[in-house]
Amino acid sequence: MNTTLRENSPDFVMLQAEFPCLQQWALVQEKVRMSSIDERMKKHYLLILSRFDYIRFEEIRKMSSKHITNIDTRYMICFSVGISTSDIAKIFKVAKASVYTMRYRLRKKFPNEKVSEVELL
């Protein structure tokens, strides 16, 4: 199954119920588009986000022993596609220390799981 999806596709609305991360994925894409990060990196991140595997991401999200919020999901998406800490800070308009704190807190929500740092954080 092809898991790449565009937010303006007809299936997007139908899939949001089954894959809650899709709404946050669309929000992350918009924030990247509107951010002040380098244009070359912006294009790179948008390309990677366009190939976002929402099915695998949702499987990982469900592995958490704790509740994953929408904000957690947005950061997880950024971490999982390899957006740098400094660029995440610019995208969400927060301090880099806040991004490090979010990464630490998310790791605590996956204490005994098989989620590698490459897959998620």
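The structure places CE of M102 at 13.0 Å from CZ of R107, a figure rounded to the nearest 0.5 Å. Note that CG of L27 and OG1 of T73 are 11.0 Å apart. Values are rounded to the nearest 0.5 Å. Of the inter-residue distances, the one linking K31 atom NZ with I83 atom CD1 reads 12.5 Å to the nearest 0.5 angstrom. Between the CG atom of L49 and the SG atom of C78 there is a distance of 7.0 Å, given to the nearest 0.5 Å. Interatomic distance, CG of D53 versus CD1 of I60, reported as 8.5 Å (0.5 Å rounding). Atom OG1 of T69 is separated from atom CD of Q24 by 8.5 Å, given to the nearest 0.5 angstrom.
Partners of K42 under the side-chain contact (heavy atoms from CB on, under 4.5 Å) rule, at least two apart in sequence or in another chain, are V32, S35, I37, E39, L46. Every residue two or more places apart in sequence or in another chain that forms a side-chain contact (heavy atoms from CB on, under 4.5 Å) with T101 is listed here: R105.
With S80 contributing its side chain and I77 its backbone, the two residues share a donor-acceptor pair below 3.5 Å. Counting only distance, with no hydrogens or angles, the side chain of S98 and the backbone of V94 share no donor-acceptor pair below 3.5 Å.
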Q: Could you go through the side-chain contact (heavy atoms from CB on, under 4.5 Å) check for F52 and Q29 one step at a time?
A: CA-CA 11 Å; F52 180 63; Q29 279 193 316; over 6 Å; no
(Q) For a side-chain contact (heavy atoms from CB on, under 4.5 Å) check, start with the C-alpha distance between R103 and T85, then their side-chain angles and the critical distance, and finish with the verdict. (A) CA-CA 10 Å; R103 187 184 309 260; T85 301; 3.1 Å; yes
Q.
Walk me through whether E59 and K62 qualify under salt bridge (charged side-chain N to carboxylate O under 4.0 Å, His left out).
A. CA-CA 5 Å; E59 289 170 358; K62 289 177 182 176; over 6 Å; no
Q) After noting the C-alpha distance and the side-chain angles of I88 and F79, does the key distance pass the side-chain contact (heavy atoms from CB on, under 4.5 Å) rule? A) CA-CA 9 Å; I88 293 170; F79 296 142; 3.5 Å; yes
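Counting only residues at least two apart or on different chains, no salt bridge (charged side-chain N to carboxylate O under 4.0 Å, His left out) pair has a member in residues 76-89. Pairs engaging residues 80-102 under the ring pair (Phe, Tyr, Trp, His ring centres under 6.0 Å) rule: Y75-F92 [sequence neighbours left out]. Sorted by first then second residue, the salt bridge (charged side-chain N to carboxylate O under 4.0 Å, His left out) pairs that include residues 68-77, not counting sequence neighbours, are D72-K109.
Contact annotation: the side chain of V81 never approaches that of W25 to less than 4.5 Å [non-hydrogen atoms, C-beta and beyond].
Counting heavy-atom neighbours within 6.0 Å of I48 CD1, excluding the residue itself, gives a total above 12.
Among all heavy-atom pairs drawn from L47 and S50, the shortest one is O-OG, 2.5 Å. Closest approach of A89 and A95 over heavy atoms only: CB-C, 4.1 Å.
In this structure, E30 pairs ionically with R33, as a charged nitrogen and a carboxylate oxygen lie closer than 4.0 Å.
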